[in-house]
Visitor: 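Pasting a structure here, questions to come.
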Amino acid sequence: MLSGQIADGFATIFAGELIDRFGHFKLWHGAGSVLVAISFSSVFGGCMPCKIFGTSSSTLRTVGYSMFAAIFNVGWAATQVSHMSMLNCITLNSTSRVVLASCRNAFNMVANLSLYAVAFIVFGVTIASTHADIENQYRWIAYLSIFIGCCFVGIFHLGTKEPRLKVSLQGNNRSRISWTYWFKRVLYYQVALVYVLTRLVVNVSQAYLAFYVIDDLRMAQSAKALVPAIIYISSFLVSIILQEISWTGQCLKACYSAGAIVWIFCGAGILFLPGSMSALMYIISVSIGIANALMMVTGVSMQSVLIDRDLNGCAFVCGSLSFMDKISCGLALFVLQSYQSTRVIQENHSNDVYFSVTRFGLGFVPAFCSLISVIVTYTMKLQPAPCKPLMEPLLV
């Protein structure tokens with residue numbers, strides 16, 4: 001995973017630079033989607049180098065899966081950076097950009113829920129009695145997900161035009177914005193820190209959620225699917241509601257801070273929640289979903305405020321922030337996992353609370369990151385450029 005995150009991080013920098021130089025968002029998005037589909041299917045198709053060399057040593061398997069993980073993340077970097085950059089080149093209206101970000105986050109939740117639907121169908125149709133049968137089930141889940149994803153990529157490319165806003169602005173100024181332009185702006189570092197902390201909150205919590213539910217709270221096996229589903233549904237609903245707000249810089253800061261404060265309380269609850277009161281996790285899940293949506297939508301929208309009309313460097317901003325996000329998340333998970341085998345357990349027999357690495361990773365880390373992000377957000381001076389109001393809704 002760390003190798004994939006590092007490859008993804010460096011790929012986002014190069015993808016952002018090349019997109020700023022040559023444009024063609026859809027071309028980069030399409031090429032990245034092809035790499036994602038090929039590498040993802042190869043990961044679930046088995047160890048390719050093992051089949052080529054006729055051996056299945058652990059070293060060769062590690063190299064093989066790391067190679068395809070790196071290819072996957074390179075493709076994902078091109079897809080993600082081009083898609084996020086398009087958001088800023090479709091409109092200059094600050095409220096419209098937040099609407100697009102909230103719509104993007106909402107459909108991200110739809111994609112996550114769709115994966116559960118695919119898994120539910122596969123597990124219901126097929127019966128697994130051996131280890132090989134279980135592997136085949138997950139292969140079918142992967143292949144069906146790739147097929148559905150490719151269908152929607154095709155719809156996206158057929159139904160979406162290449163943004164012309166960047167081209168029209170380049171007519172007045174064709175020079176590409178230098179990296180140093182962003183490095184001289186205090187707001188760049190503030191937005192970068194908030195975005196990285198937000199991604200740490202979402203990614204680290206998502207990585208440990210299922211383990212916490214099963215290993216720490218001793219809930220039923222179905223809970224490891226039900227709890228994330230509740231989070232995704234809550235995030236989806238909040239993302240839809242956020243589309244109806246008229247956004248200003250102060251409103252962005254207020255909504256982000258609200259989401260971060262909610263996460264702080266959720267983290268405290270997770271850290272001290274006893275197994276005997278595990279049912280409260282469903283209520284906490286609703287709060288986590290709300291907090292994730294508030295932080296992700298407004299955190300991404302802060303990038304748009306930073307970019308403003310400087311569209312000749314928007315891909316670099318998205319790429320550089322994603323680079324810091326991938327590297328920090330990879331290192332955070334690597335460090336946490338290094339303590340997993342030697343976790344410190346403090347048991348309280350009266351309420352069945354113990355502090356494992358999983359509980360620490362899901363409770364303390366996101367809460368601490370949320371606290372720091374609130375402090376940084378308070379120091380920001382977000383002033384979106386005034387734009388003419390929309391005459392009709394951007395999304396119907």
Side-chain angles (χ1 to χ4, degrees), residues 1-20 28 32 69-70 72-85 87-88 101 104-105 108 177-207 252-253 256 259-260 263 292 295-308 310 313-337 361 365-380 382:
M1 184 175 182
L2 181 61
S3 66
Q5 289 291 97
I6 292 175
D8 193 355
F10 283 102
T12 53
I13 290 287
F14 292 111
E17 174 66 15
L18 293 174
I19 290 171
D20 279 335
W28 287 98
F72 170 86
N73 283 284
V74 169
W76 178 247
T79 304
Q80 184 185 39
V81 172
S82 59
H83 197 268
M84 292 181 67
S85 301
L87 183 149
N88 297 292
R104 187 175 185 271
N105 189 69
N108 186 25
I177 295 177
S178 172
W179 294 9
T180 56
Y181 169 79
W182 303 108
F183 294 153
K184 292 177 181 178
R185 298 184 61 181
V186 175
L187 185 60
Y188 172 82
Y189 298 99
Q190 293 173 320
V191 171
L193 185 56
V194 167
Y195 181 76
V196 169
L197 290 170
T198 303
R199 296 300 303 182
L200 277 170
V201 169
V202 175
N203 291 343
V204 173
S205 63
Q206 188 175 16
L252 280 176
K253 293 171 63 175
Y256 183 90
W263 236 120
N292 282 350
M295 294 178 71
M296 279 302 303
V297 171
T298 53
V300 171
S301 299
M302 289 176 187
Q303 294 184 39
S304 299
V305 176
L306 170 65
I307 293 169
D308 195 20
D310 299 323
C314 65
F316 169 75
V317 172
C318 295
S320 60
L321 267 58
S322 293
F323 166 77
M324 290 182 276
D325 150 38
K326 307 303 180 186
I327 298 299
S328 61
C329 288
L331 290 175
L333 291 173
F334 182 82
V335 171
L336 286 171
Q337 283 301 108
V365 173
F368 179 76
C369 292
S370 298
L371 177 62
I372 301 299
S373 65
V374 169
I375 297 173
V376 177
T377 301
Y378 179 77
T379 64
M380 282 185 181
L382 296 178

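Computed over heavy atoms, backbone and side chain alike; hydrogens, waters and symmetry mates excluded. By convention here, the first residue in the shown sequence is residue 1.
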Visitor: Rounded to the nearest 0.5 Å, how far apart are CG of Asn88 and SG of Cys314?
Guide: 5.5 Å

Visitor: Under the side chain to side chain contact (heavy atoms under 4.5 Å, CB included) rule, what do Val300 and Tyr195 come out as? Steps first, then yes or no, please.
Guide: CA-CA 7 Å; Val300 171; Tyr195 181 76; 4.1 Å; yes

Visitor: Grab the two heavy atoms, one from Ala78 and one from Gly32, that are nearest each other, plus how far apart they are.
Guide: CB-CA, 4.1 Å

Visitor: If you count heavy atoms of other groups shown closer than 6.0 angstrom to OH of Tyr189, is the number above 12?
Guide: yes

Visitor: I need the single residue from Gln303, Met302, Met84 that forms a side chain to side chain contact (heavy atoms under 4.5 Å, CB included) with Leu321. Which is it?
Guide: Gln303

Visitor: Could you report the tightest heavy-atom contact between Leu336 and Gly361, atom names first, then the distance?
Guide: CD1-CA, 4.1 Å

Visitor: Would the distance check show the side chain of Arg185 and the main-chain N or O of Leu306 forming a donor-acceptor pair, the cut-off being under 3.5 Å?
Guide: yes

Visitor: If you take all heavy atoms of Gly319 and Val81, which pair is closest and at what distance?
Guide: CA-CG2, 3.9 Å

Visitor: If you draw a 6.0 Å radius around CZ in Phe183, do more than 12 non-hydrogen atoms from other residues or ligands fall strictly inside?
Guide: yes

Visitor: Apply the test side chain to side chain contact (heavy atoms under 4.5 Å, CB included) to residues Asn203 and Asp325: give CA-CA distance (whole Å), side-chain angles for both, the deciding distance (0.1 Å), then the verdict.
Guide: CA-CA 10 Å; Asn203 291 343; Asp325 150 38; 3.7 Å; yes

Visitor: Roughly how far, to the nearest 0.5 Å, is the NE2 atom of His83 from the OG1 atom of Thr79?
Guide: 9.5 Å

Visitor: Is any side-chain heavy atom of Phe316 less than 4.5 Å from a side-chain heavy atom of Ile19?
Guide: no

Visitor: Do you know the tightest heavy-atom contact between Ala207 and Leu333?
Guide: CB-CD2, 3.8 Å

Visitor: Do other residues, nucleotides or ligands put more than 12 heavy atoms under 6.0 Å from the CH2 atom of Trp28?
Guide: yes

Visitor: Between Ser373 and Ser370 (side chain of the first, backbone of the second, donor and acceptor by atom type, cut-off under 3.5 Å), is there such a pair?
Guide: yes

Visitor: Taking all atoms of both residues into account, what is the closest heavy-atom pair of Val201 and Pro366, and its distance?
Guide: CG2-O, 3.5 Å

Visitor: Check the orientation of Trp182 and Tyr188. Use parallel for under 30°, tilted for 30 to 60°, and perpendicular for over 60°.
Guide: tilted

Visitor: Do we see a donor-acceptor contact under 3.5 Å between the side chains of Thr379 and Gln190?
Guide: yes

Visitor: Answer yes or no: is there a donor N or O on one side and an acceptor on the other, between the side chain of Asn73 and the main chain of Ala69, under 3.5 Å?
Guide: yes

Visitor: Could you tell me whether the side chain of Ile13 reaches within less than 4.5 Å of the side chain of Ser320, counting heavy atoms only?
Guide: yes

Visitor: Got a second to check how far Leu200's CG is from Cys329's SG, nearest 0.5 Å?
Guide: 4.5 Å

Visitor: Once rounded to the nearest 0.5 Å, what's the spacing between atom CD1 of Ile375 and atom OH of Tyr378?
Guide: 11.5 Å

Visitor: Would you check, one step at a time, whether the test side chain to side chain contact (heavy atoms under 4.5 Å, CB included) holds for Val194 with Met380?
Guide: CA-CA 10 Å; Val194 167; Met380 282 185 181; 3.4 Å; yes

Visitor: Hey, mind stepping through Ser301 and Val305 against side chain to side chain contact (heavy atoms under 4.5 Å, CB included) and telling me if it holds?
Guide: CA-CA 7 Å; Ser301 299; Val305 176; 5.8 Å; no

Visitor: Nearest 0.5 Å, please: how far is CZ in Phe368 from CG in Leu197?
Guide: 9.0 Å

